[in-house]
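So the structure is just underneath, and the comments pick up after that.
Keep in mind it's a predicted model, so treat the numbers as computed, not measured.
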Amino acid sequence: MKKLVLFIPLIVFLALGVFLYKGLFLSPEKLDSALEGKPIPAFQLEILETPGEFLTNETLTGKVSLLNVWATWCPSCKYEHPFLMTLARKNVLPIYGINYRDERALAIKELSREGNPYAINIYDHNGRLGLDLGVYGAPESFLVDHKGVIRYRYAGPIDSRVWKETLYPMVQELQAEAAKDGAS
């Protein structure tokens with residue numbers, strides 16, 4: 001019996017190793033979102049650039065939009081930023097930023113230096129909205145229909161391949177639905 005007890009740490013180590021090895025092959029952009037098909041969670045947060053001016057989830061309705069979670073501390077966000085700038089110039093849909101767990105001054109400075117692709121920037125300093133959205137980390141993006149319902153979640157940086165192959169076809173479909181409903 002005492003010899004069997006000596007094997008317990010080895011068994012625990014092997015089980016943990018198998019668990020961690022399996023995790024190496026998971027793709028974060030394929031993680032499910034519990035909010036797909038549900039409205040954007042209710043919130044009232046400040047606009048990043050104008051402290052004291054608040055907006056709510058109702059602000060983000062009326063048009064098909066992209067809700068993008070970003071931060072200055074996020075290297076993948078810096079990689080994604082030039083593509084978001086290109087997308088904003090094409091004016092395909094409004095991009096709303098959620099500045100996630102960041103310092104306001106640093107975020108404003110970075111946007112003034114690198115350009116601001118966002119129609120509106122929500123300041124989520126304590127990460128509450130990110131938590132309500134089920135954000136795993138930045139960058140993450142949510143495709144939202146004209147009624148304010150989350151239709152798709154993408155974890156990771158958006159680039160031209162992701163846009164062309166995944167997001168843009170969905171945007172076109174959602175915009176066609178919005179046109180049928182009489183929204184833009």
Side-chain angles (χ1 to χ4, degrees), residues 28-29 31 33 35-36 38-160 162-163 166-168 170-171 174-175 178 184:
E29 63 269 4
L31 295 172
S33 172
L35 292 181
E36 283 183 18
K38 296 181 181 169
I40 297 169
F43 70 87
Q44 181 178 358
L45 291 169
E46 289 182 316
I47 294 174
L48 175 70
E49 298 86 352
T50 51
E53 188 175 336
F54 290 85
L55 44 95
T56 68
N57 50 301
E58 296 296 322
T59 310
L60 309 181
T61 61
K63 288 188 173 197
V64 175
S65 61
L66 186 69
L67 194 55
N68 179 258
V69 179
W70 71 280
T72 59
W73 48 260
C74 166
S76 296
C77 298
K78 293 178 189 324
Y79 167 80
E80 174 185 64
H81 192 83
F83 183 76
L84 292 179
M85 289 297 296
T86 300
L87 192 57
R89 281 190 293 274
K90 291 181 180 179
N91 202 25
V92 177
L93 77 170
I95 305 170
Y96 300 118
I98 299 177
N99 183 243
Y100 180 65
R101 294 182 181 239
D102 209 349
E103 295 300 321
R104 185 186 302 265
L106 291 174
I108 291 170
K109 183 178 178 183
E110 184 160 317
L111 289 175
S112 67
R113 184 179 61 240
E114 302 297 328
N116 187 352
Y118 305 108
I120 299 173
N121 242 312
I122 301 161
Y123 185 52
D124 189 21
H125 179 67
N126 65 6
R128 183 68 203 174
L129 178 56
L131 183 65
D132 290 346
L133 286 167
V135 169
Y136 292 96
E140 283 192 33
S141 297
F142 298 85
L143 195 54
V144 180
D145 72 12
H146 65 287
K147 296 176 184 175
V149 175
I150 296 171
R151 293 300 198 90
Y152 186 74
R153 173 191 157 272
Y154 183 79
I158 297 173
D159 58 19
S160 61
V162 170
W163 177 252
T166 305
L167 295 175
Y168 188 55
M170 293 172 147
V171 167
L174 292 173
Q175 287 176 334
S184 53

W163 and F83 aromatic ring geometry - parallel, tilted or perpendicular at 30°/60° bounds: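 Answer is tilted, since the angle falls between 30° and 60°.
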Measuring from [X]:[atom1] to [Y]:[atom2], what's the distance to the nearest 0.5 Å?
{"X": "L87", "Y": "N91", "atom1": "CG", "atom2": "CG", "value": "9.5 Å"}
{"X": "L55", "Y": "I47", "atom1": "CG", "atom2": "CD1", "value": "4.5 Å"}
{"X": "N116", "Y": "L48", "atom1": "CG", "atom2": "CG", "value": "8.0 Å"}
{"X": "S65", "Y": "L143", "atom1": "OG", "atom2": "CG", "value": "7.5 Å"}
{"X": "D145", "Y": "T61", "atom1": "CG", "atom2": "OG1", "value": "10.0 Å"}
{"X": "I98", "Y": "Y123", "atom1": "CD1", "atom2": "OH", "value": "14.0 Å"}

Close side-chain approach of [X] to [Y], heavy-atom, < 4.5 Å:
{"X": "K38", "Y": "I150", "result": "no"}
{"X": "F43", "Y": "L133", "result": "no"}
{"X": "W73", "Y": "Y100", "result": "yes"}

For [Y], does its backbone N or O pair with a side-chain atom of [X] as donor and acceptor, under 3.5 Å?
{"X": "Y118", "Y": "A88", "answer": "no"}
{"X": "Y152", "Y": "L167", "answer": "no"}
{"X": "H81", "Y": "L111", "answer": "no"}
{"X": "H125", "Y": "E103", "answer": "no"}

Minimum heavy-atom distance [X]-[Y], with the two atoms named:
{"X": "Q175", "Y": "V92", "value": "NE2-O, 2.9 Å"}
{"X": "L67", "Y": "I122", "value": "CD1-CD1, 4.4 Å"}
{"X": "N121", "Y": "N99", "value": "OD1-N, 4.3 Å"}
{"X": "I158", "Y": "S141", "value": "CD1-OG, 3.3 Å"}
{"X": "V162", "Y": "P157", "value": "CG2-O, 4.3 Å"}
{"X": "V144", "Y": "I40", "value": "CG1-CD1, 3.6 Å"}

Any pair counted as salt bridge (charged side-chain N to carboxylate O under 4.0 Å, His left out), so long as it reaches residues 124-141, sequence neighbours left out: R128-D132, E140-R153
Pairs touching residues 71-85 that satisfy salt bridge (charged side-chain N to carboxylate O under 4.0 Å, His left out), sequence neighbours left out: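 Sorted pair list: K78-E110.
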ring-ring contact (aromatic ring centres under 6.0 Å, His included) partners for Y79, two or more places apart: none
Steps toward side-chain contact (heavy atoms from CB on, under 4.5 Å) verdict (L66, Y154): CA-CA 10 Å; L66 186 69; Y154 183 79; over 6 Å; no
